[in-house]
Structure formats: structure tokens, C-alpha cells
Trainee: 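One structure follows; several queries about it will come next.
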Amino acid sequence: MDISLDKKRNMSIIAHGGAGKTTLAEAMLFNAKATERLGRVDDETSNLDYEPEEHKRKITISAAVHHYDWGGHRVNIIDTPGYSNFLTETRDALRIAGGAVVILSAISGVKVQTEKIWEFADEFEVCRIAFVNKMDRERASFLRAVDDMEKVLKVKGVPIQIPIGEAEGFKGLIDLLEMKAYYYKDDFSGQFELKSIPADLADDAAKMRDSMIAAIAESDETLTEKYLNGDEITTDEIKTALREGVLTKRFIPVLLGSAYKNIGVNLLMDAVNLTLPSPIDKGAIRGVIKGTNPKTGEAVTREPDPGAPFSAFIFKTNIDPYTGKLSIFRIYSGTIHPDATVYNPARDAKEKLSHLYLLEGKKLKEVSKATVGDIIAVAKLKDTFTGDTLCDVAEPVQFPPFPPVNAALSYAIHPKTKGDEDKAPSAIARLLEEDPSLDFRRDEQTNEFLLSGVGQVHLEVSIEKLKRKYGCEVELKAPRIPYKETIRSHVKVQGKYKKQSGGKGQYGDTWLDLSPLPRGKGFEFVDAITGGAIPRQFIPAVEKGLREALQSGILAGFPVTDIKITLYDGTYHSVDSSEMAFKIAASMGFKKGMEQAHPVILEPIVKMEINVPEENLGDIIGDINARRGKILGAEPKAGSQTVTALVPLAEVITYATDLKGMTADRGIYTLEFSHYEEVPTYLSQKIISSVKVEKEKAS
């Protein structure tokens with residue numbers, strides 16, 4: 001059916017892991033009869049957590065989309081992950097959502113991941129309402145959860161309900177807008193009875209309603225005046241001001257219930273309709289979306305109008321080995337039909353959309369058209385990826401892509417069999433297309449293929465998907481550190497190769513001058529031959545021999561760098577000399593020179609920026625010092641500190657896991673290669689011994 005724009009809602013459910021987001025979404029779908037039964041995470045009947053990896057861990061890993069109709073409104077609901085390894089999905093979903101329901105735990109309040117997600121919602125100016133969940137659980141407290149939200153998230157919470165009992169005594173709630181008491185059946189049906197407010201709660205309800213009206217009235221001058229004059233404010237006036245307060249983000253209305261028992265969910269669905277924005281409400285200038293003209297670079301806007309030029313943003317990609325790629329986008333302007341041709345400015349490519357689908361969790365429902373505010377899936381787009389814009393061919397626009405994700409933890413991947421090795425490149429390419437927060441690259445020095453992700457669980461899940469979806473099994477192993485070798489002293493050596501075997505022999509004689517270069521200068525070869533001591537045609541062979549010898553130093557076989565080698569003298573034989581002989585002679589001279597020039601091992605140093613809560617600053621600085629790091633500085637940032645440091649890569653190869661433990665998952669960091677430094681003597685021998693053991697095992 002056609003839904004008017006003011007009746008559409010795009011809403012994400014957000015919170016820390018285990019708060020009950022999926023359970024709440026399932027209850028909403030069930031109440032609206034969008035699903036036939038109440039899906040459960042624990043018994044693997046959820047419509048939204050349907051991947052085997054989600055079943056195994058009982059957590060949401062990928063954002064899932066469904067929709068329901070309620071009270072004349074069409075609501076697209078996006079169930080998002082709450083665990084830190086998968087928050088990129090949550091960030092991306094919030095980018096295209098107009099509003100969000102944030103779940104607060106009646107037991108534990110606001111956890112770390114909720115803080116991070118709240119920052120995403122602030123970044124994308126998402127309008128929010130709150131739902132205190134698990135009111136039926138032991139130690140539940142509604143007001144404590146509201147207080148925790150205000151203190152931790154620095155927002156003003158306005159309760160518009162109060163509970164009738166808490167924990168095992170939780171029976172229902174009092175709606176402060178209508179001043180009605182809702183008693184729910186204990187059968188998960190969501191059905192209720194309206195009764196008079198209990199006498200023992202009448203005073204509390206009156207006081208809380210008065211506080212609610214006072215808070216809501218502050219957002220409207222007329223209501224403020226009426227409230228101060230003691231004039232009656234109607235329920236409709238309160239609701240209008242409540243909606244305006246949410247749209248302007250002046251406060252957060254707080255509701256309550258139990259998602260598991262389906263208590264209070266119906267009233268939350270009413271509040272979604274009442275308060276969260278439609279496509280024509282979203283944005284500083286209501287509904288207008290900003291982008292750029294890809295041809296001129298000029299700023300352009302798109303109105304949320306079905307008759308405007310088509311524009312949409314791809315916020316997610318699903319890939320199935322059987323049905324292929326599914327691109328999921330939100331439409332910001334215009335109307336689209338099956339078989340339409342659209343333009344992707346990021347790839348300068350036209351795409352034919354074929355069939356259009358509404359998402360119902362894992363299932364797809366084909367539709368004959370889609371318009372502003374709809375979230376749509378299209379199969380098998382060739383040149384379109386997550387973060388791309390689709391738009392009208394004649395009137396192009398490009399919306400900002402997603403920022404890159406810092407892949408903090410890296411492992412070397414080793415295919416288990418030859419067949420897995422053959423499958424790996426294409427399988428991993430598909431995996432990266434579906435999950436842009438992964439990174440895959442080949443280390444030029446160690447020749448290892450490195451898969452990088454947000455954290456340990458993220459990488460483990462990715463490896464499980466590789467096996468399940470593409471039949472490719474790989475093992476994760478700690479990556480080798482790309483050590484190098486260099487010299488500290490200046491030496492002159494002879495490299496001479498002479499071989500006689502009855503016929504034509506081999507003869508090459510070189511004199512080499514080896515000297516260290518400053519860090520980062522690499523290798524420099526100088527031809528200082530004069531007077532024809534070595535014929536010109538053999539000089540390139542000498543350089544080639546040296547470059548090949550540089551690939552394996554004498555301490556542990558690491559590449560040699562930061563060295564200058566001057567070929568300054570030598571002799572040759574008119575018959576026996578050859579390019580091969582001089583190549584071997586140069587290599588022999590290099591190895592002899594390395595031995596005499598006090599060789600050392602170099603290790604990569606990375607520059608890190610670590611953002612942590614202020615209370616963790618001392619621990620982090622102490623830990624970095626213990627890792628042989630050098631603190632460059634610490635800068636305060638809104639309740640946190642950003643520490644900048646130089647640290648040996650070998651000391652932070654698993655830092656993502658360690659930082660999580662030190663900061664209760666509040667810390668984040670980035671790192672980038674800085675330079676190479678000499679390894680301390682006491683560590684060099686350990687490195688050499690470990691390489692020797694590794695080679696013995698390999699042989």
C-alpha cells in the first residue's frame with residue numbers, strides 16, 4: 001500500500017550487547033502481525049538473527065532490516081549489533097536512520113558500547129527515545145536507569161511512564177500522558193487491561209506527570225507560560241511538544257517494559273509513531289539532504305519529494321554464494337521502478353536495478369516501486385559497493401561515503417589445503433565486499449597474507465563465514481614481524497670467486513666498501529671503478545649480486561637495509577671472467593663485509609594514538625612504557641585522553657585485545673608505521689634463536 005511520507009519511519013534499535021535489541025524488535029514485529037510467531041534468539045527462531053554465526057554466539061553480528069505497519073504508519077526497523085567488534089554495522093545503520101530507540105538496562109544501566117553508539121547517533125544527528133528494558137528482572141530499577149543515562153550520556157531524560165512494581169513484582173505501567181494504568185498478561189501476547197491507577201502510586205504518578213509537563217513545556221514558550229500560570233495543558237498539546245522536543249533533540253523521552261515478556265512494547269510502538277522523524281522531518285533543514293555534484297564538485301541538495309530526481313545511499317551489502325550480491329539502500333529522493341537504469345558517480349558506472357525488494361529479515365518481498373524513505377534491496381549490481389550513491393543519470397548527486405575503519409588486529413592466514421589456497425582470493429574478495437571493516441593485504445617482506453579486523457571475535461567470525469559460504473578453510477596465525485638487518489661499522493673487503501674445472505673457468509674479483517646509511521635510506525650502490533679494473537659490462541652483475549644478497553642478512557636471514565656499498569676496485573680474467581662470476585664474487589664480499597661491520601637487527605616502530613577514559617590514563621602510560629614505548633604526549637578530549645606514542649610493532653601485535661581488558665572496552669586506537677630502530681641486544685638473540693627454531697621445524 002502507498003504510505004504518505006509523514007507516516008514513514010526509519011528506526012534503528014541501539015544499545016550495548018545483551019540489552020535485548022533483537023528481542024524488542026521481534027516483539028514489535030509480532031505485535032504488528034508482521035511475523036506469525038514471537039521470534040526468540042535463544043531457540044534460534046529469530047527473524048533478524050538468522051546467520052549461523054549469530055546462532056552460535058547468541059549475539060547480533062550483522063544489522064538486519066524488517067518492516068511493520070502500526071497505527072497507520074510504516075516503520076522500517078533496523079536491528080543493530082551492540083558488541084564492540086561489530087559496531088561498524090551499527091554506525092552505518094544510524095547513517096540512514098532518521099530515529100533510534102536506545103535500550104537502557106533496568107539492571108546494569110548504560111554500558112560502554114552504548115556510549116560509543118551514542119556518539120555515532122550524535123554524529124549523524126539521529127533523534128532518539130529511550131526504553132528501559134528488563135523491568136521484570138531481579139534488581140531492576142527504572143529511575144536508576146534514567147539517572148545513569150543522564151549522568152553517562154549527558155542528556156536530559158523525561159520519563160513518560162512509571163512502572164507498576166519492579167523485578168518479580170512488575171505487572172505493568174502507568175502512562176503519564178494519558179494517566180492510564182496498563183496491566184499486561186503474563187503470556188507474551190502483549191495483551192493488557194486498562195485499570196485505574198493504584199492508590200499507592202497515585203501521588204507518585206501525579207508528581208512524575210507534573211515533572212514531565214514541566215520538562216516538555218520548556219521546549220515551547222506558549223506551554224511554558226501556561227505552565228507557570230497554572231493553566232491546564234491538554235494531552236494533545238503535550239504530545240505535540242513531546243514530538244518537537246525529540247525532533248530538536250532537547251530531551252529524551254523514557255519508556256519502560258520487558259521486551260522478553262512483551263510488556264510495554266505496544267506503547268513504545270505508539271511513541272515511535274508519535275515522536276521519531278519521518279523523511280520530511282530529518283535534518284537541520286527539515287528533510288533536505290546534502291551532497292555534491294560529481295562532475296562540478298559543487299554542493300547540491302535533494303528534497304524528500306517522490307517527484308524529485310532519484311537519489312539513494314548504499315549502506316549495506318549482503319553476499320550469498322547461491323543468490324549473489326544484495327545491495328541495500330535508503331532512498332532520499334525520487335521514485336524508482338524495476339528495470340530502471342541509475343548512475344553510480346563513485347564508479348562512473350550505470351546500473352540496471354532489475355527487481356526491487358523489501359527486506360523481511362532473511363526473506364525478500366518483491367515490490368513494484370519504491371520511493372522516498374523506503375529501504376530497498378537490489379540483487380547483482382556489478383559496480384556498486386557499500387558507501388556508494390545511486391542517482392538519476394541526468395541529474396547526478398554524490399553523498400559522502402563512509403569513513404574508513406581502523407582494522408586494529410591482524411593475523412596471517414594460511415589455507416589448509418591446495419584447494420583452499422585456490423579458493424581463497426575470490427572468497428576473501430567477496431568477504432571484504434560484504435564487510436568493509438576488514439582489510440586484506442600481502443606483506444611484501446614476509447610474503448604473508450594478512451587479514452585485519454576490528455578485534456579477535458570479528459576475525460574469527462570472518463573465518464567461519466569463509467568456510468560456510470565459500471568452502472574455504474584457513475587458519476589464523478600470529479603474523480611475522482618484518483624485521484630487517486643493517487650494519488654499524490665501516491669496512492672494506494674483498495669478494496673473490498675463482499673456479500677452475502679443466503676447461504674454461506670462472507673468475508671474478510671485487511673490492512667493496514660497506515658503510516651504514518641513516519635510517520630509512522635503504523640501499524645505495526656506487527660504482528667507483530676507474531682505469532678499467534673491472535670491465536663496464538660486469539658492473540651491472542656486481543650490483544645485481546649485491547641486491548640479491550641484501551634479501552637475506554647473516555644474523556637471521558632478514559633483509560638488509562640502510563647500507564651503502566661502493567665498488568672501488570677489482571681484477572678480471574680475459575677468458576674466465578663472466579657476469580655470473582662477478583655476481584657471485586659480489587655476494588661473497590657482501591657476506592664477509594656484513595660479518596665484520598657489526599651487524600644488528602632492526603625492528604619496525606609504529607606511531608599510536610590511543611583514546612582512553614581519563615581514569616585509565618596512568619595505566620595506559622605505564623603499559624606503553626612496559627612495552628618499550630616512548631610517550632610523545634597526551635591531549636585531553638571531552639572526558640578522555642588521547643595518548644600519542646612510538647612503540648615497537650612486536651609489542652602491540654595483539655594490542656586490540658589487551659586495550660579492551662585495560663579499559664573495560666572503552667579504549668580505541670590507531671597505528672601507522674613510523675620508522676625502524678635497532679633492537680636491544682638482549683632481544684636480538686631471542687629473535688635469532690626463534691628464527692632458527694622455526695627453520696628447523698620447517699625442515
Trainee: Under 3.5 Å, is there a donor on one side chain and an acceptor on the other for Thr317 and Ser327?
Mentor: no
Trainee: Does a salt bridge link Arg468 with Glu51, judged by any charged N lying under 4.0 Å from a carboxylate O?
Mentor: yes
Trainee: Return the set of residues passing side chain to side chain contact (heavy atoms under 4.5 Å, CB included) with Asp422 (not counting sequence neighbours), or none when no residue passes.
Mentor: Lys418
Trainee: Under 4.0 Å between a Lys/Arg side-chain N and an Asp/Glu carboxylate O for Lys469 and Glu434?
Mentor: yes
Trainee: Among Leu451, Ile463, Thr417, exactly one meets side chain to side chain contact (heavy atoms under 4.5 Å, CB included) together with Val474. Which residue is that?
Mentor: Ile463
Trainee: For the residue pair Tyr68 and Asn31, confirm or rule out a side-chain donor-acceptor distance under 3.5 Å.
Mentor: no
Trainee: Answer yes or no: is there an ion pair linking Glu89 with Lys316, defined by an N-O contact shorter than 4.0 Å?
Mentor: yes
Trainee: Mark yes or no: Lys325 above the aromatic ring of Phe385, with NZ or CZ under 6.0 Å from the six-membered ring centre and no more than 45 degrees from the axis.
Mentor: yes
Trainee: Using ring-ring contact (aromatic ring centres under 6.0 Å, His included) as the criterion, list what pairs up with Tyr483, not counting sequence neighbours.
Mentor: Phe558
Trainee: My understanding is that only one of Ile610, Val612, Asp623 makes a side chain to side chain contact (heavy atoms under 4.5 Å, CB included) with Met662; could you say which?
Mentor: Asp623
Trainee: To the closest 0.5 Å, what do you measure between CG (Leu353) and CG (Leu381)?
Mentor: 6.5 Å
Trainee: Less than 4.5 Å apart, any side-chain heavy atom of Leu364 and any of Leu326?
Mentor: yes
Trainee: Step through the shown structure and confirm whether more than 12 heavy atoms of other residues, nucleotides or ligands are within 6.0 Å of NZ on Lys116.
Mentor: yes
Trainee: If you measure from the Lys or Arg side-chain nitrogens to the Asp or Glu carboxylate oxygens, is any gap between Lys467 and Asp420 under 4.0 Å?
Mentor: no
Trainee: Would Glu444 and Arg442 pass as an ion pair if we require N to O under 4.0 Å?
Mentor: yes
Trainee: Determine, for Asp388 against Arg347, whether the closest basic-nitrogen to carboxylate-oxygen distance falls under 4.0 angstrom.
Mentor: yes
Trainee: Decide, yes or no, whether a salt bridge links Lys484 with Glu603 under the criterion of side-chain N to carboxylate O below 4.0 Å.
Mentor: no
Trainee: By salt bridge (Lys or Arg N to Asp or Glu O under 4.0 Å), which residues pair with Lys56, not counting sequence neighbours?
Mentor: Glu464
Trainee: Please, which pairs that meet salt bridge (charged side-chain N to carboxylate O under 4.0 Å, His left out) have at least one residue in residues 400-414, sequence neighbours excluded?
Mentor: none
Trainee: Distance under 6.0 Å and angle within 45° of the ring axis: does Arg95 meet both against Phe313?
Mentor: yes
Trainee: A cation-pi test, strictly: NZ or CZ of Arg128 under 6.0 Å from the centre of the six-membered ring of Trp118 and no more than 45 degrees from its axis. Yes or no?
Mentor: yes
Trainee: Thinking salt bridges, do Lys21 and Asp79 make one under a 4.0 Å N-O criterion?
Mentor: no
Trainee: Once rounded to the nearest 0.5 Å, what's the spacing between atom CG of Leu438 and atom OG of Ser452?
Mentor: 8.5 Å
Trainee: One pair to check against salt bridge (charged side-chain N to carboxylate O under 4.0 Å, His left out): Lys607 and Glu672. What are the steps and the verdict?
Mentor: CA-CA 5 Å; Lys607 182 180 180 182; Glu672 60 181 10; 5.0 Å; no
Trainee: Looking at Glu26 and Arg40, is there a salt bridge between them, counting it only when a charged N and a carboxylate O are closer than 4.0 Å?
Mentor: no
Trainee: Ile77 and side chain to side chain contact (heavy atoms under 4.5 Å, CB included): which single residue from Val65, Ile13, Leu48, Ile375 fits?
Mentor: Ile13
Trainee: Between Asp49 and Lys58, is there a side-chain N and carboxylate O pair less than 4.0 Å apart?
Mentor: no
Trainee: Counting the benzene-type ring for Trp, do Tyr676 and Phe673 have ring centres under 6.0 Å apart?
Mentor: yes
Trainee: Sorted by first residue and then second, give each salt bridge (charged side-chain N to carboxylate O under 4.0 Å, His left out) pair with at least one member in residues 349-366; sequence neighbours left out.
Mentor: none
Trainee: Tell me which pairs pass ring pair (Phe, Tyr, Trp, His ring centres under 6.0 Å) where either residue lies in residues 405-447, with sequence neighbours left out.
Mentor: Phe440-Phe449
